[in-house]
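Because only heavy atoms are used, hydrogens play no part in the values below, and waters and symmetry mates are left out as well, while side chains stay in. Here is how names work: the chains are called A, B, and so on, in the same order as the sequence lines, proteins then strands, and each is numbered from 1.
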Amino acid sequence: MWDKAVVDMIIAGIGETLYMTLVSTFFGYVFGLPLGVALRVTDKDGIRPNAVVYKVLDFISNIVRSVPFLILLIVLIPFTRMIVGKSYGSTATIVPLVVAATPFIGRMVESSLREVDGGVIEAAQSMGAGNFTIIFRVLLVEARTSILVGATIAIGTILGYSAMAGTVGGGGLGDIAIRYGYHRYQADIMIVTVILLIVLVQIFQTIGMFISNKLDRRKR
Amino acid sequence: MITLENVSKTYHTKDGVVQALKNVSLTIERGDIFGIIGMSGAGKSTLVRTLNFLEKPTAGTVMVDGKDLSKLSEKELREERRGIGMIFQHFNLLMQKNVTDNICFPLKIAGMPKDKARARANELLEIVGLTDKAKAYPVQLSGGQKQRVAIARALATNPKILLCDEATSALDPQTTKSILALLKEINQKYGITIVIITHEMAVVREICTRVGIIGNGELVEHGNVIDVFSHPQSEQAKELVLRNHGENYELVESLETKNCVRIVFSENSSYEPVIANMVLKFGMPVNILKADTKNVSGIAHGEMILGLPEDTGVAQDMLVYLRERNLAVEEVTGYVG
């Protein structure tokens with residue numbers, strides 16, 4: 001049963017999983033990073049408090065995070081079709097993945113930025129720094145270690161979500177695990193794919209922590 | 001240089017309105033080292049932040065170098081702030097940047113090219129005595145070294161004014177002395193006006209030329225350090241002068257006397273043995289509870305706390321006797337050290 005077809009399928013699965021996870025994480029940050037910054041900046045103790053903007057962003061991101069991913073995947077089918085032209089396959093899965101990941105990432109970025117000492121921001125203001133300078137040269141720089149740790153967590157979560165892509169014919173290791181292990185009772189293939197998923201998460205975790213440690217100047 | 005006119009600041013909190021500053025009017029001259037002292041919560045941190053408009057006053061005007069800060073646009077205010085350096089209790093350095101980059105930060109904000117900023121950073125490291133730490137990160141430095149970096153950073157843009165918010169409160173006495181010496185040197189060499197916020201009388205005594213005492217958001221007293229130290233007028237001033245010596249005097253409970261006076265000798269009044277003569281004249285002993293000599297802005301000042309006899313008549317006569325000898329005398333109630 002471990003013929004070439006199965007091995008090829010698993011290798012293709014790894015590729016699809018990596019593709020979905022990495023592309024989704026990338027776009028998740030394209031939207032999530034500005035969202036997190038906006039949440040932090042407009043909060044009442046932020047550098048540009050704006051209750052209306054904060055409440056709106058806060059509300060939207062909470063709603064999206066509350067919807068189970070599987071439901072989101074289905075609800076978003078028309079939207080996905082509009083963007084990528086079809087509603088199945090790995091590329092199509094990226095759309096709901098990004099939608100689900102953005103508020104999650106935004107929250108993590110917000111909490112990372114919250115760790116930056118208010119005194120440092122005040123010091124920058126006392127030097128005549130504007131809000132843009134504070135965001136790009138103080139907040140994001142001082143919080144980079146924490147943001148990277150957050151990214152590591154985000155990749156793991158998105159990888160987990162991507163496993164549900166099988167429901168819409170999305171492919172990837174999760175899809176294989178469900179189709180062979182669950183529907184066909186082929187436990188051996190399921191175990192292999194699950195182990196592979198674990199290994200992938202471990203690799204991302206290790207790389208992420210290594211980079212964030214490497215970049216952290218708060219260590220002697 | 002800096003003029004505050006009826007500056008008030010009120011905060012609206014959940015528990016109601018808090019008035020952090022009430023009608024503070026104050027003038028700080030060019031080249032002064034001006035101390036603002038008060039208990040915690042007195043409003044001194046708010047006061048210093050109105051000087052660069054990190055806190056915008058709810059009423060009153062703040063004039064810096066002839067400019068009314070409330071009349072400036074956001075952009076003009078940011079430019080004005082480049083002329084006002086500030087250092088903090090907890091240093092507030094960028095933890096992810098090394099010493100040189102920290103010092104270059106305000107220069108970068110001001111738009112100075114990188115190589116010029118680096119050259120300026122090296123100059124400043126020389127001034128604060130940290131040339132060997134140029135590549136170090138803040139975590140590798142001691143508190144005193146971090147404050148030196150913060151001073152270098154605050155001076156980078158050649159400010160006219162340096163604001164110090166409890167700059168030595170997180171440092172040990174030895175380091176405090178060295179930082180204060182550095183500030184004094186900066187004041188004398190570059191003529192930078194320095195405003196120091198502190199809760200320690202010792203800091204004011206050490207380097208300030210003038211002092212303002214703040215209590216409950218009000219400026220209760222201000223003037224030359226020597227005058228305020230010798231003749232404190234307000235309750236807050238008396239309390240600070242008496243209790244806050246920087247060192248902790250622990251007096252035994254039983255020494256608590258009702259009839260206490262505090263006497264300050266200046267240099268020329270120290271020749272005559274006043275107390276001994278007084279004891280001989282009245283034939284009554286006095287209890288010396290404390291005697292000390294302090295260096296106030298470079299002049300030696302003797303300070304003594306006496307417990308006068310229980311007999312209020314004699315005590316009154318003694319007070320008159322002391323005042324006739326041109327000593328600064330004041331009654332102290334419930335002295336417990």
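Note: A:Val138 leads A:Asp117, A:Val138, A:Val116 in heavy-atom pairs under 4.5 Å with chain B. The candidate from B:Gly85, B:Pro106, B:Pro159 with the greatest count of non-hydrogen atom pairs under 4.5 Å with chain A is B:Pro106. Between chain A and the options B:Lys97, B:Met86, B:Glu80, B:Arg153, the largest number of non-hydrogen pairs under 4.5 Å is found for B:Arg153. Contact count against chain A (heavy-atom pairs under 4.5 Å) is highest for B:Arg49 among B:Arg49, B:His90, B:Glu79.
The local environment of CZ in A:Arg137 is sparse, with at most 12 non-hydrogen atoms from other residues, nucleotides or ligands closer than 6.0 Å. A 6.0 Å sphere centred on OH of B:Tyr11 holds more than 12 heavy atoms belonging to other residues, nucleotides or ligands.
To the nearest 0.5 Å, atoms CZ (A:Arg218) and CD (B:Gln96) are separated by 5.0 Å. Summarising the geometry, atom OG1 belonging to B:Thr157 is positioned 8.5 Å from atom CE belonging to A:Met127; distances are rounded to the nearest 0.5 Å. With values rounded to the nearest 0.5 angstrom, A:Glu142 atom CD is found 7.5 Å from B:Met95 atom CE. A distance of 8.0 Å separates CD in B:Glu55 from CD in A:Glu122, rounded to the nearest 0.5 Å. Here the CZ-OG1 distance, from B:Arg78 to A:Thr133, works out to 7.5 Å after rounding to the nearest 0.5 Å.
Among all heavy-atom pairs drawn from B:Ile109 and A:Ala129, the shortest one is CD1-CB, 3.5 Å. Considering every non-hydrogen atom in both B:Leu93 and A:Val120, the closest pair reads O-CG2, 3.7 Å.
Taking 4.5 Å as the heavy-atom cut-off, none of the residues of residues 60-77 of chain B approach chain A. For residues 115-137 of chain B, a heavy-atom distance under 4.5 Å to chain A picks out B:Tyr137, given by residue number.
Heavy atoms of A:Ser126 lying under 4.5 Å from chain B belong to its backbone as well as its side chain. Contacts between A:Ile121 and chain B at a heavy-atom distance below 4.5 Å are absent for every atom of the residue. Interface remark: B:Leu54 contributes side-chain atoms only to the contact with chain A (heavy atom separation under 4.5 Å). Contacts between B:Leu163 and chain A at a heavy-atom distance below 4.5 Å are absent for every atom of the residue.
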